[in-house]
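Residue indices begin at 1 and follow the sequence shown. Note that ligands are numbered from 1 as they come in the structure, with each ligand's atoms numbered from 1 the same way.
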Amino acid sequence: MDEPLLLIPGPTNLSERVREVMSRPQIGHTSQQFYNEFVELVRLARHVFRNEKGRQFVFSGPGTIGMETSVVNAVVPGDRVLVVQTGYFGKRFAMLNETHGAKVDLLGYPDGASAEPDQLRAKLRASDYKAVFITHVDTSTSVRNPIRPLVEECRNAGVFSIVDSVCGLGGEPLDFDALGADIAFTASQKALASAPGAVLVAASKSFMEHLQKREVPIASYYMNLLRWDPIMDDPRMYLATPSVQVLRALRVALLELKEEGLQQRWARHTALGEMTRRVLDELGAAFVAREGSRSNTVTAFWVAEGTSGKVRDRLEAEHGVSVAKGISDDKSRMVRVGHFGMLTEGMLRPALESLASVLVEVGAVKKEQAHIEARR
Ligand SMILES: Cc1ncc(COP(=O)(O)O)c(C=O)c1O
């Protein structure tokens, strides 16, 4: 069998160049070499976010650190916030806000539905909020939210907008400067095609000015953007020891993204998403996300109760392809396929054919035909 292929919704497959840089001898985080690479990494992060006007942060930690960083910097205890909830990660935003003392209202949607800007506008008119938290692509449902009009509503209402694009950036269009959000963040292990362990945060100029004037201290040492600010210009200053290999690998992954071109990468993800949906549609699988709200980075679909584990295990054992079950309550009746990063249509097509045959073999979807060929 060739190398196993990850089609889980992160972490994702790594290119040879990314793997190679991770296996190099250790260097120090205060070395000139690391300084040079880090300065370039921050520049590349700006490029992928299209953040030329605001501040750009890159530091060690999982996507969850990005979520919590956005909360502790935007919110002080007692603030009223609104969480747009279209799946598990929206619920987590609510939990994190509560953990940090915010009063949380939910604009919640049933599984599969994306948020509606008109409903957000109505909520913003009815109450005073400090900030609105939006998930770009909720990985648990594969729902893509219309971030442009949602953020526009927040701007019109004069409230902070925070976008979790952990499962979006690199695979779904996001232009931070044009969007006008206050914070957007992602992590290294999904569409950016690097190893887990780095978080990338874009913050608007006006949000940084707000932070400078904030009277209540930011309730975190590590997640304090004001502390990270000077380190983005000179990583030799010490705040905490960075995950050197992970950051070096991320620089190479972002270089590869730049070489491919941002537009081209978005187009490739659109093709990957369409191919996945086409194959599953032919099988008669029911998508979790409604038509028009389906992301190009991850696809979630319903399977017969209790079969998701069998699909995952058999596909991995017999075909070397990994997919994921659902999250929390939907574990046993949902399968999720991540299609992002360095994946090409040529890599995806045979893997989807294997997935289709396993889905039929274990009775996860109903179809007499045992072999479905991915349409070109
Ligand atoms: C949309 C979204 N937000 C946040 C996270 C949290 O990221 P991490 O697992 O790296 O902490 C994830 C992880 O899958 C995610 O998909």
Next item on the list: With salt bridge (Lys or Arg N to Asp or Glu O under 4.0 Å) as the test, would you mind laying out the steps for Asp229 and Arg55 before giving the verdict?
Entry: CA-CA 8 Å; Asp229 199 40; Arg55 280 299 275 171; 2.6 Å; yes
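Any N or O atom pair closer than 3.5 Å counts here, and Pro62 shares no such pair with ligand 1. Geometrically, ligand 1 and Thr135 share no nitrogen or oxygen pair separated by less than 3.5 Å. Distances between N or O atoms of Lys190 and those of ligand 1 include at least one value under 3.5 Å. Annotation: Asp164 places an N or O atom under 3.5 Å from an N or O atom of ligand 1; distance criterion only.
Summarising the geometry of Tyr109 relative to Gln119, their closest heavy-atom pair is OH-OE1, 2.6 Å, with the distance given to 0.1 Å.
Ion pairing of Lys205 with Glu209 is present here, as a side-chain N (NZ or NE/NH1/NH2) and a carboxylate O approach within less than 4.0 Å.
Residue contacts with ligand 1 leave out His136, since none of its heavy atoms falls under 4.0 Å from the ligand. Using a non-hydrogen distance threshold of 4.0 Å, Ile65 does not register as a contact of ligand 1.
His339 places a side-chain N or O within 3.5 Å of a backbone atom of Asn296 that can act as its donor or acceptor partner.
Trp228 pairs with exactly one of Phe59, Tyr221, Tyr238, Phe57 by the ring-ring contact (aromatic ring centres under 6.0 Å, His included) rule, that one being Phe59.
Each of the atoms 4 (C) of ligand 1 lies under 4.0 Å from some heavy atom of Met67.
Within the structure, the ring-ring contact (aromatic ring centres under 6.0 Å, His included) test picks out the following pairs touching residues 153-200 (sequence neighbours left out): Phe160-Phe207, Phe160-His210.
For atom 12 (C) of ligand 1, the nearest protein heavy atom (residue, atom name, distance) is Phe89 CE2, 3.2 Å. Of the protein's non-hydrogen atoms, the one nearest atom 11 (O) of ligand 1 is Thr64 OG1, 2.5 Å.
Atom CD in Glu172 sits 5.5 Å away from atom OG1 in Thr297 (nearest 0.5 Å).
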